[in-house]
Amino acid sequence: MTQAILAFNSGSSSIKFAAYEVDAHAKPTLICKGMLDRRSADAEIVIKDPAGKIIETGGARADGADSDLAGILIGHVEPLLDGRRLAAAGHRIVHSGPDFSAPVRVDSDVLRKLEALTPLAPLHQPGGLAPIRTLLASRPDLPQIACFDTAFHRDLAPIYRRFPLPIEFEAKGIRRYGFHGLSFEYIAQRLPKPQTRSVIAHLGSGASLCAIRHGSSVNTTMSLTPLDGLMMATRSGAVDPGLVLYLQQSERMSASAVEDLLYRKSGLLGVSGISADMRTLLASSDPSAHQAVDQFCARIAEQIAVMASGIGGIDALVFTAGIGENSPDIRRNVCARLQWIGVQLDDNANAQRRGVISAPNSKVEVLIIPTDEEIMIAQHTRDVVVGAVS
């Protein structure tokens with residue numbers, strides 16, 4: 001019987017998912033993909049075929065329980081598998097901690113270790129683990145594989161991996177991990193010239209950069225948590241660590257209040273005072289919206305230069321994810337700040353979202369490559385359970 005794998009990519013308000021036909025060797029073949037919106041008690045589901053045509057919509061009352069959603073989703077997807085047996089479920093899990101450096105089958109002990117990492121990724125870890133917890137209870141025989149956003153960065157050199165702290169802290173797992181690894185891994189495999197020195201800009205509500213050489217991660221902007229690095233939709237990105245001490249000591253803010261400030265009330269939302277949505281800010285005439293956009297782009301350009309320093313220069317700059325793929329204005333703003341290193345944008349190509357958007361005389365090739373985290377989840381899941389799907 002032909003086998004299928006279901007890939008879960010869980011966010012704070014939705015679950016992206018995709019079902020793939022798999023065997024032991026060939027690239028997974030997409031059967032269908034879609035999204036489950038869990039912002040209300042009614043879980044709204046949209047499912048599309050491989051060509052992007054909507055083939056099913058629906059909803060079911062989840063009563064606010066994440067545990068219901070995985071079962072609801074599978075109930076909608078399994079009839080579309082056309083006789084294929086659901087062999088495994090793969091899940092994007094943001095933080096692996098020090099115990100895991102590659103995809104792993106989840107049991108109760110693994111789940112407990114991953115739940116303990118929630119303080120390091122409070123916006124992501126709970127949503128990623130909720131479907132696993134449910135399916136462990138309702139379908140204990142279904143293999144479930146955790147695929148980590150940190151895994152792509154596991155071989156960072158000590159100069160980029162370690163914090164400048166006493167060594168005993170690294171022994172406790174306090175180190176730079178990096179995130180968005182499934183996205184970066186996908187893009188790295190699709191670079192037209194894998195040997196080039198490339199910087200990938202994954203720009204969405206969460207945003208980070210990765211310096212890639214010969215297909216491997218050399219440095220990245222996020223570190224112990226997905227809070228570090230670039231300014232994001234509601235996250236501050238890198239700030240003076242002394243600021244945290246000041247907020248706690250002089251402003252008398254609790255640790256939870258500081259967490260709420262830095263994770264949920266900062267970034268584009270905090271600077272603009274208007275919205276965390278880049279589309280809203282770009283459409284606004286408010287000076288605060290303009291400042292937020294410019295600050296976002298300035299930080300990206302600055303850190304692209306930092307990433308390039310670790311790989312001895314830059315041959316290719318890749319934009320991906322929601323903002324990176326879809327906003328000509330942001331790409332133009334960032335690239336204008338990088339003309340000093342030879343970046344020249346082709347305005348027409350940029351506006352039309354062509355694959356290559358740099359001008360012929362640009363010293364750096366600039367590309368748009370849409371990301372696909374779900375197929376990476378499927379591939380890793382297939383590889384872990386290869387015996388079950390061969």
Side-chain angles (χ1 to χ4, degrees), residues 3-11 15-30 33 70 74 86-118 120-121 124-136 139-156 161 173 175 177-190 202 210 212 215-217 220 222 226 371-390:
Q3 314 290 334
I5 281 174
L6 183 57
F8 288 86
N9 186 350
S10 298
I15 302 174
K16 291 190 290 184
F17 59 89
Y20 296 88
E21 181 179 310
V22 296
D23 64 27
H25 306 291
K27 178 181 176 181
T29 302
L30 181 65
K33 67 189 311 180
I74 289 180
L86 183 60
H91 304 263
R92 174 191 172 217
I93 303 300
V94 166
H95 216 306
S96 66
D99 293 323
F100 307 105
S101 59
V104 63
R105 181 166 178 171
V106 182
D107 56 22
S108 57
D109 182 59
V110 171
L111 180 62
R112 185 168 53 252
K113 291 179 179 178
L114 296 178
E115 287 174 332
L117 299 170
T118 296
L120 296 180
H124 303 87
Q125 206 79 348
L129 296 177
I132 296 178
R133 188 182 304 108
T134 302
L135 294 176
L136 281 175
R139 297 198 178 199
D141 295 330
L142 180 69
Q144 295 195 79
I145 309 303
C147 304
F148 300 106
D149 258 343
T150 53
F152 186 64
H153 309 292
R154 61 181 170 265
D155 295 324
L156 291 181
R161 185 186 70 236
R175 48 158 288 189
Y177 289 92
F179 301 92
H180 291 136
L182 292 166
S183 176
F184 291 136
E185 182 181 14
Y186 177 84
I187 300 300
Q189 293 178 2
R190 279 148 187 82
H202 178 107
C210 184
I212 291 185
S216 298
S217 173
T220 188
M222 287 179 170
T371 194
D372 190 341
E373 293 166 315
E374 290 78 37
I375 196 168
M376 297 310 305
I377 295 168
Q379 288 180 189
H380 288 307
T381 299
R382 186 272 315 276
D383 292 344
V384 173
V385 296
V386 64
V389 298
S390 58

Taking only residues two or more places apart in sequence, or in another chain, which ones meet [X] in a side-chain contact (heavy atoms from CB on, under 4.5 Å)?
X: T118; value: Q125, P126
X: D107; value: D109, V110
X: A18; value: Y20, L30, K33, E374
X: A19; value: L6, I31, C32, V77, L81

* With R139, which residues qualify under side chain to side chain donor-acceptor pair (under 3.5 Å), at least two apart? ->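 Residues passing side chain to side chain donor-acceptor pair (under 3.5 Å) with R139: E78.
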* Asked: Looking at residues at least two apart in the chain, or sitting in another chain, which of them share a side chain to side chain donor-acceptor pair (under 3.5 Å) with H380?
  ->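 Expected list: E185.
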So how far is it from [X] [atom1] to [Y] [atom2], rounded to the nearest 0.5 Å?
X: I93; Y: L117; atom1: CD1; atom2: CG; value: 10.5 Å
X: T220; Y: Y177; atom1: OG1; atom2: OH; value: 14.5 Å
X: I15; Y: F8; atom1: CD1; atom2: CZ; value: 6.5 Å

* Check step by step if side-chain contact (heavy atoms from CB on, under 4.5 Å) holds for T371 and M376. => CA-CA 10 Å; T371 194; M376 297 310 305; over 6 Å; no
Counterpart residues, ring pair (Phe, Tyr, Trp, His ring centres under 6.0 Å), relative to [X] (two or more places apart):
X: H124; result: none
X: H153; result: F184
X: F100; result: F148

* Closest non-hydrogen atom pair, L114 against S96 ->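 Here L114 and S96 meet closest at CD2-O, 4.3 Å.
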* To do: Let me see the working for F179 and T150 under side-chain contact (heavy atoms from CB on, under 4.5 Å), right down to the final yes or no.
  => CA-CA 5 Å; F179 301 92; T150 53; 3.5 Å; yes
* Measure from the side-chain N and O atoms of Q144 to the backbone N and O of I132, and report whether any donor-acceptor pair falls under 3.5 Å. =>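 Pair found, side chain donor or acceptor close to backbone of I132.
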* Kindly state each residue pair satisfying salt bridge (charged side-chain N to carboxylate O under 4.0 Å, His left out) with at least one member in residues 142-151, sequence neighbours excluded. =>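 Checked against salt bridge (charged side-chain N to carboxylate O under 4.0 Å, His left out) - neighbours excluded - the pairs reaching residues 142-151 are R92-D149.
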* Asked: Sequence neighbours excluded, which residues qualify as salt bridge (charged side-chain N to carboxylate O under 4.0 Å, His left out) partners of R175?
  ->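 With neighbours one apart ignored, the set is empty.
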* Asked: Partners of R105 by salt bridge (charged side-chain N to carboxylate O under 4.0 Å, His left out), sequence neighbours excluded?
  ->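 Partners of R105 by the salt bridge (charged side-chain N to carboxylate O under 4.0 Å, His left out) criterion come out as none, since no residue qualifies.
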